Amino acid sequence: MTDIVPQLVDWYRREQRDLPWRRPGVTPWQILVSEFMLQQTPVARVEPVWLAWVERWPTPSATAAASPADVLRAWGKLGYPRRAKRLHECATVIATEHDDVVPSDVDTLLSLPGVGQYTARAVACFAYGRRVPVVDTNVRRVVARVVHGRADAAPSASARDLADVEALLPDDETAPEFSIALMELGAVVCTARSPRCGLCPLSTCAWRSLGFPASTGPAKRVQRYAGTDRQVRGRLLDVLRASDSPVTKAELDVVWLTDTAQRDRALDSLLVDGLVEQTDDGRFALAGEG
DNA sequence: AACGCGTGGTT
DNA sequence: TAACCAAGCGT
């Protein structure tokens, strides 16, 4: 089973996608930015936004100097704009408390806003070459199949996943390349819906050996979007991003006419999240607009 | 632990 | 076409 390391690494060296944040010269901060953007957002949508972002704000201090409103506009429609807010906060902490240098150890990274287990390990590994397990949804799915012979990973991540990957991780300096290869395999071959097993570089796979048994556990329920507060928040932010001056409550009200209580609740939550602020005259704007 | 949090492409 | 899915995080 340990020979999956050369199989996977050789495959990655041949087949890896040319993603801009993997190119030489990309800094740890810029890798961190890519990881924030890739939290639940597909690569294809991240790419153009990341390119423009790192050109405009190449360092933590440059990012911290921008206003939250500018950051939210540059984030555009990547989704989950709280990530943009946290990225801005993260830049501020690194600029002011870490001398503008992204920390390299997992525990310090974990203390940063918006940085959880996955992102902390991804930065430690991909930006600094640390030998630490990096576990995302792709890795959990690949391990579930290749190691455990199951069609899908457990519904939520656990310490077990970290231990599983730690057991696979090579002891030498190829560990980071192995980790990125594991993710890449899950992203382009061992995919959630229609795995392309014909393209898989691994000579052994427990799931294949068992005849591709179907998923057993409860299906993870997919989140609704239409009609949720999330949709209302999205529409409200859309109006605010598009306006270079504060807007009235009436201009916001028109985005959601069916349920006024829900609309007000969504707007209030944006204020609570610090994404939106109210001006002295009662109008609304992106945070730090002005 | 389960849920809320955006958006848009794919099947 | 509605459902599924996408390099998670915070509570």
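If you're wondering where the values come from, they're calculated on a predicted model, not measured in any experiment. Lettering follows sequence order; numbering is per chain, from 1.
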Can you spot which of A:Q39, A:K85, A:R86, A:R230 makes a side chain to side chain contact (heavy atoms under 4.5 Å, CB included) with A:Y80?
->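 Passing option: A:R230.
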Whole-Å [atom1] distance, [N] and [M]:
{"N": "B:dC3", "M": "C:dC4", "atom1": "P", "value": "15 Å"}
{"N": "B:dC5", "M": "C:dA7", "atom1": "P", "value": "22 Å"}
{"N": "C:dC9", "M": "B:dG8", "atom1": "P", "value": "23 Å"}

Using a heavy-atom cut-off of 4.0 Å across all strands, would you classify [X] as base, sugar-phosphate, or nothing?
{"X": "A:A122", "answer": "nothing"}
{"X": "A:W21", "answer": "base"}
{"X": "A:T137", "answer": "sugar-phosphate"}
{"X": "A:P81", "answer": "sugar-phosphate"}
{"X": "A:L87", "answer": "nothing"}
{"X": "A:F36", "answer": "nothing"}
{"X": "A:T41", "answer": "base"}
{"X": "A:V115", "answer": "sugar-phosphate"}
{"X": "A:D229", "answer": "sugar-phosphate"}
{"X": "A:R265", "answer": "nothing"}
{"X": "A:R121", "answer": "nothing"}

Report the distance from atom CH2 of A:W207 to atom SG of A:C197, rounding to the nearest 0.5 Å.
->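 Result: 5.5 Å between the selected atoms.
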Value rounded to 0.5 Å, distance of CZ in A:F284 from CG in A:L271 =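 If I round to the nearest 0.5 Å, the distance is 6.0 Å.
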Counting side-chain heavy atoms from C-beta on, which of [options] comes nearest to [X]?
{"X": "A:E35", "options": "C:dA7, C:dA3, B:dC5", "answer": "C:dA7"}
{"X": "A:T119", "options": "C:dC4, C:dA7, C:dG8", "answer": "C:dG8"}
{"X": "A:R45", "options": "B:dT7, B:dG4, C:dA7", "answer": "B:dT7"}
{"X": "A:R83", "options": "B:dG6, C:dA3, B:dG8", "answer": "B:dG6"}
{"X": "A:Y118", "options": "C:dG10, C:dG8, B:dT10", "answer": "C:dG8"}
{"X": "A:Q39", "options": "C:dC9, C:dC4, B:dT7", "answer": "C:dC9"}

Decide side chain to side chain donor-acceptor pair (under 3.5 Å) for A:Q231 and A:T228; before the verdict, give the C-alpha distance in whole Å, the side-chain angles of both, and the deciding distance to 0.1 Å.
-> CA-CA 5 Å; A:Q231 183 181 24; A:T228 61; 5.6 Å; no
Short N-O contact, A:R73 and A:E289, less than 4.0 angstrom |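 A salt bridge is present here (some side-chain N lies under 4.0 Å from a carboxylate O).
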Rounded distance in Å - CD (A:Q231) to P (B:dT7) |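 About 9 Å, once rounded to whole Å.
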